[in-house]
Amino acid sequence: MSRSFRLGITGKIGSGKSIFSGLLREQGITVLDTDALAKEVMVSDAELRSGLISLFGPDTYTGDKLNTSFLASQIFTDEEKRLAVERIVHPKVTELLEKNFAQAKAGTIVAVESALLLQTGYDEIFDALILISSSDESVFERNKTIQKFSEEDLLARLHDQAFSQEDEADADFTIANDSTLEQFIERSRKVIAIITVMAMGELPKEPLRSIVDEEEL
C-alpha cells in the first residue's frame with residue numbers, strides 16, 4: 001500500500017453528508033470539510049484576500065474575520081460571482097487537500113466532504129466518490145426541524161448544488177436518504193465496510209477516478 005485512499009463525499013445541502021462523515025470519524029477516519037478549508041484559506045492567504053476584496057469590496061471582511069453572511073448573499077444570488085470565487089478559491093483548497101493526502105499513512109482513508117465535487121470537476125482527485133442522494137422535499141422537511149436556513153437561501157443553495165442524471169451515474173456509490181435515519185445509517189455502514197476493504201489494496205500512484213476517466217477518453 002503505497003499511499004492513502006482518497007474518498008470523496010458529495011451531495012446537496014441537507015442530504016446527510018455530515019451524518020455519513022460522522023460515521024467515518026467514529027471509525028477513526030480523517031474527514032476534511034472543503035467549506036472549512038475554504039474559509040481558512042480566505043482568511044490566511046493574503047493574495048486570496050486581496051482578490052476577494054477586489055470582487056466584493058471591503059465588506060468581505062470584518063477585521064481579520066471573513067464576513068460569511070455577506071459573501072453568501074453575494075455568491076448565492078449571482079452565478080457569475082460564484083464562479084469567480086470558485087476560480088480563485090478552489091486551487092488553494094486543492095493544494096491543502098493534496099498536502100493532507102500526502103501526509104497520511106499508506107493504507108489509511110482520507111475523506112473529503114463537499115457539495116460541489118462533481119459540478120466543479122474536482123472528483124478526479126479521488127479513488128472513490130460517494131453521492132448522498134436526497135429529494136428537495138426531504139431537505140426542506142429537515143430544515144423545518146433545525147431552521148438553519150431561510151426558504152429563499154435554501155432554494156438558492158439547492159439550485160447551485162443540483163445533480164444531473166450524469167452526475168449520479170458518475171458516482172461510485174449512491175446512498176439514498178429519503179427514508180428513516182436508521183435505514184440511512186445502515187446503508188452508510190455497508191458502503192463504509194466496502195470502502196475499508198478497497199483501501200487495503202495496492203493503489204496506483206494516480207487517483208483511481210483520474211485513471212478511469214483517462215481510459216474513457
Side-chain angles (χ1 to χ4, degrees), residues 5-27 29-38 72 75-76 79 82 86 90 93 97 109-199 207-210 212-213 216:
F5 187 92
R6 305 173 173 193
L7 177 64
I9 307 161
T10 195
K12 68 181 71 170
I13 186 172
S15 60
K17 297 188 301 298
S18 296
I19 295 172
F20 186 86
S21 294
L23 295 173
L24 292 175
R25 291 188 177 101
E26 285 178 4
Q27 297 194 22
I29 295 171
T30 298
V31 182
L32 305 172
D33 186 327
T34 57
D35 285 343
L37 292 178
I75 64 176
F76 285 116
E79 184 175 6
R82 178 178 64 82
E86 289 176 1
H90 283 177
V93 172
L97 294 179
I109 298 170
V110 178
V112 177
E113 178 186 329
S114 173
L116 299 171
L117 289 181
L118 283 166
Q119 295 92 328
T120 55
Y122 282 97
D123 59 297
E124 293 185 6
I125 68 171
F126 298 102
D127 296 300
L129 183 72
I130 294 172
L131 171 62
I132 310 299
S133 174
S134 188
S135 67
D136 288 356
E137 290 77 14
S138 295
V139 172
F140 273 103
E141 283 301 315
R142 294 183 193 116
N143 190 62
K144 285 180 183 177
T145 302
I146 61 176
Q147 296 184 339
K148 185 175 181 180
F149 301 102
S150 68
E151 184 173 334
E152 182 182 9
D153 190 13
L154 188 56
L155 277 169
R157 289 168 186 261
L158 287 172
H159 176 268
D160 288 337
Q161 298 172 11
F163 289 87
S164 67
Q165 289 184 335
E166 274 189 1
D167 291 331
E168 294 185 6
D170 194 19
D172 300 294
F173 300 90
T174 299
I175 307 174
N177 185 20
D178 283 317
S179 51
T180 67
L181 176 61
E182 290 74 17
Q183 287 175 318
F184 175 60
I185 290 175
E186 182 181 357
R187 295 182 191 122
S188 297
R189 284 179 171 154
K190 288 179 181 178
V191 173
I192 292 171
I194 295 171
I195 294 296
T196 301
V197 173
M198 290 175 66
L208 291 173
R209 285 183 62 85
S210 69
V212 171
D213 285 345
E216 290 177 348

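Residue numbers count from 1 along this sequence.
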Using a 4.5 Å cut-off on heavy atoms from C-beta on, say whether the side chain of His90 contacts that of Ser114.
->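 No, their side chains stay 4.5 Å or more apart.
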
After noting the C-alpha distance and the side-chain angles of Phe20 and Val31, does the key distance pass the side-chain contact (heavy atoms from CB on, under 4.5 Å) rule?
-> CA-CA 10 Å; Phe20 186 86; Val31 182; over 6 Å; no

Return the minimal non-hydrogen interatomic distance between [X] and [Y], and the atom names on each side.
X      : Y      : result
Asp127 : Leu208 : OD1-N, 2.9 Å
Leu117 : Thr10  : N-OG1, 3.8 Å
Arg82  : Ile75  : CB-O, 3.4 Å
Leu129 : Asp172 : N-OD2, 2.7 Å
Met198 : Phe173 : SD-CZ, 4.0 Å
Ser138 : Asp178 : OG-OD1, 2.7 Å

How long is the gap from [atom1] on [X] to [atom2] on [Y], to the nearest 0.5 Å?
X      : Y      : atom1 : atom2 : value
Leu7   : Leu24  : CG    : CG    : 6.5 Å
Glu124 : Asp170 : CD    : CG    : 8.5 Å
Ile109 : Ile29  : CD1   : CD1   : 4.0 Å
Ile130 : Ser188 : CD1   : OG    : 8.0 Å
Ile125 : Ser210 : CD1   : OG    : 10.0 Å
Ile9   : Asp33  : CD1   : CG    : 9.5 Å

Backbone N/O of [Y] and side chain of [X]: donor-acceptor pair under 3.5 Å:
X      : Y      : answer
Lys17  : Lys12  : yes
Ser134 : Asn177 : yes
Thr34  : Glu113 : yes

